[in-house]
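Small disclaimer: the values here were computed from a predicted structure and weren't measured.
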There are 2 protein chains.
Amino acid sequence: MNERKRKNTSTRRAMLANEIAQAIRLRAFRPGEWLRQIDLEERFEATRFDVRSALDELAVRKTIEHVPNRGYRVAEVDLKTYEEILATRIILERATAEGVVARIDDAAIARLDALAAQFSAAVTTGSRTEQSEINRAFHQFMYSFCGNAVLEEMIWGLRDRGRGSQITVWSSHELLQKSDREHFEMMAALKARDAERLAALIATHIIKGGVVGPVPVEPG
Amino acid sequence: MNERKRKNTSTRRAMLANEIAQAIRLRAFRPGEWLRQIDLEERFEATRFDVRSALDELAVRKTIEHVPNRGYRVAEVDLKTYEEILATRIILERATAEGVVARIDDAAIARLDALAAQFSAAVTTGSRTEQSEINRAFHQFMYSFCGNAVLEEMIWGLRDRGRGSQITVWSSHELLQKSDREHFEMMAALKARDAERLAALIATHIIKGGVVGPVPVEPG
DNA sequence: TGCGACAAAATTGGCGCCAATAATTTCGCC
DNA sequence: GGCGAAATTATTGGCGCCAATTTTGTCGCA
């Protein structure tokens with residue numbers, strides 16, 4: 001009966017914040033780049049008020065940085081913080097293994113196999129952002145079975161924060177292929193219901209995929 | 001030379017948000033309670049604009065909840081979410097043990113001993129909020145040596161979120177005394193540089209301090 | 001007396017205006 | 001011609017106003 005009325009502010013704000021966040025993920029805005037409110041108004045067809053709200057939200061989530069009287073810019077993550085983010089991601093993402101192994105079902109495994117295959121295809125033919133989005137989908141779907149929504153939230157919050165680093169993810173084709181292979185190793189561990197092995201794979205996946213060269217990361 | 005100019009908004013907003021957050025921690029506002037903007041204006045002597053900004057920030061941090069056209073209220077955490085928060089806290093806080101043990105020095109140990117002693121005293125003589133604040137100070141100071149600022153942030157964000165549960169922390173005097181004892185056991189593990197033992201103690205500390213058998217939760 | 005509808009009051013929330021600040025250009029002086 | 005200062009332009013950000021919405025209070029009717 002009732003047609004859906006126009007969205008209220010908090011919804012619009014959240015949606016816009018997510019749109020901007022995605023744009024940042026897709027590197028439409030690069031780390032350090034200023035986000036001019038006027039541009040965002042036009043690009044996303046939103047009012048200035050909504051743009052500001054969304055930017056404030058992203059600043060609280062540390063996706064962007066606010067400089068008084070200068071504006072908002074995509075956060076640039078320094079090396080130390082980046083390493084801390086990776087270390088914390090390892091802690092959190094490892095911890096999903098147990099729950100995932102316990103709760104995953106055959107249908108989900110099939111879907112994950114498909115996503116892993118999609119990633120394989122994207123490694124050779126797809127664009128950087130395609131690879132990135134498929135990879136994200138793979139992990140997001142897998143972690144969604146961990147049985148802890150709070151834990152999931154933290155993981156995705158951290159992953160978004162890590163985007164602001166100068167370090168190139170998958171800096172070489174070999175690393176990309178390694179990530180690809182690791183997905184299938186994870187699937188094997190998953191099918192064998194081997195939580196410990198899955199956790200170990202997740203840890204190396206994060207380290208190898210994210211850091212180039214000598215790795216000075218000691219979790220904790 | 002230059003007298004310090006008036007604080008800019010983002011600073012005022014952050015300060016006000018922290019003040020309100022502390023008030024919530026101290027139970028000046030109870031879970032489910034509505035935070036009327038007019039009241040907050042007077043109580044904290046802030047403009048309506050700043051109040052709203054601060055409330056928005058706290059809503060993003062999930063300390064409070066925003067209901068369109070109704071306002072903001074202290075988040076009520078349901079049991080499932082509360083358990084997830086505790087589980088995630090255990091994951092994160094355990095992970096500090098290694099770094100803390102590696103980095104702690106004698107001066108810090110002395111300070112922690114003092115805080116543990118303060119807590120002991122507060123167990124018998126202090127108020128609930130005093131106990132809570134000293135306990136917080138103890139853990140905050142300890143975790144500050146973990147060498148991972150991002151990890152620390154996550155922990156304190158989660159701890160704040162947990163305040164919104166109906167579950168009474170330290171529901172009995174015995175649990176309070178148990179917490180007290182555990183602080184000293186942690187100190188022993190710390191002095192022995194036994195990270196594994198410290199991690200185990202942290203885990204039980206969180207579980208025992210936070211959950212009390214079958215929980216009489218009444219939906220608000 | 002209980003209940004529903006209508007009216008009045010209280011509260012929230014969208015938004016535009018313009019002051020404050022930073023960035024850019026122009027101009028004058030050496 | 002180069003350099004610094006002043007004027008111009010661009011952008012951000014504080015804030016108050018009033019509309020939209022909810023809550024509270026009142027009245028009439030069964």
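Whole-Å rounding puts the A/L55 CG to D/dT12 C1' distance at 11 Å. Computed from coordinates, the A/R12 CZ to C/dG13 P distance equals 12 Å when rounded to whole Å. The CZ atom of A/R73 sits 15 Å away from the C1' atom of C/dA23 (whole-angstrom rounding). Between the CZ atom of A/R36 and the P atom of D/dA10 there is a distance of 10 Å, given to the nearest Å. The distance between atom CD1 of B/I38 and atom P of C/dG13, rounded to the nearest whole Å, is 12 Å. Rounded to an integer number of Å, the gap from A/D56 CG to C/dC15 P is 16 Å. Nucleotide D/dA19 holds its P atom 16 Å from the CG atom of B/N69, rounded to whole Å. A/E65 places its CD atom 16 Å from the C1' atom of D/dT12, with the value rounded to the nearest Å.
With DNA chain C read from its 5' end, the first of the two nearest nucleotides for A/W34 and A/R48 is the one closest to A/R48.
Heavy atoms from other residues, nucleotides or ligands lying under 6.0 Å from CZ of A/R30 number 12 at most.
A donor-acceptor contact closer than 3.5 angstrom links the side chains of A/S132 and A/R163.
Aromatic ring orientation, A/Y143 versus A/H139: tilted (interplanar angle from 30° to 60°). In this structure, B/F119 and B/H183 have perpendicular ring planes: the angle between them is above 60°, well past the 30° mark.
Contact annotation for A/V67: backbone-only contact, meaning every heavy-atom pair under 4.0 Å involves sugar-phosphate atoms and none involves a base.
Close to C/dG13, at under 4.0 Å from its OP1 or OP2, lies a side-chain N or O of B/Q37. Between D/dT12 and A/H66, no contact under 4.0 Å exists linking OP1 or OP2 to a side-chain N or O. Neither OP1 nor OP2 of D/dC15 sits under 4.0 Å from any side-chain N or O of B/R52.
The nucleotide whose nearest atom lies closest to any side-chain atom of B/R70 is, among C/dT12, D/dT23, C/dC15, D/dT23. Among D/dT22, C/dC15, C/dG13, the nucleotide with an atom closest to any side-chain atom of A/F49 is C/dC15.
B/D180 pairs in a side chain to side chain contact (heavy atoms under 4.5 Å, CB included) with only one of the listed residues (B/N135, B/T124, B/V123), which is B/V123.
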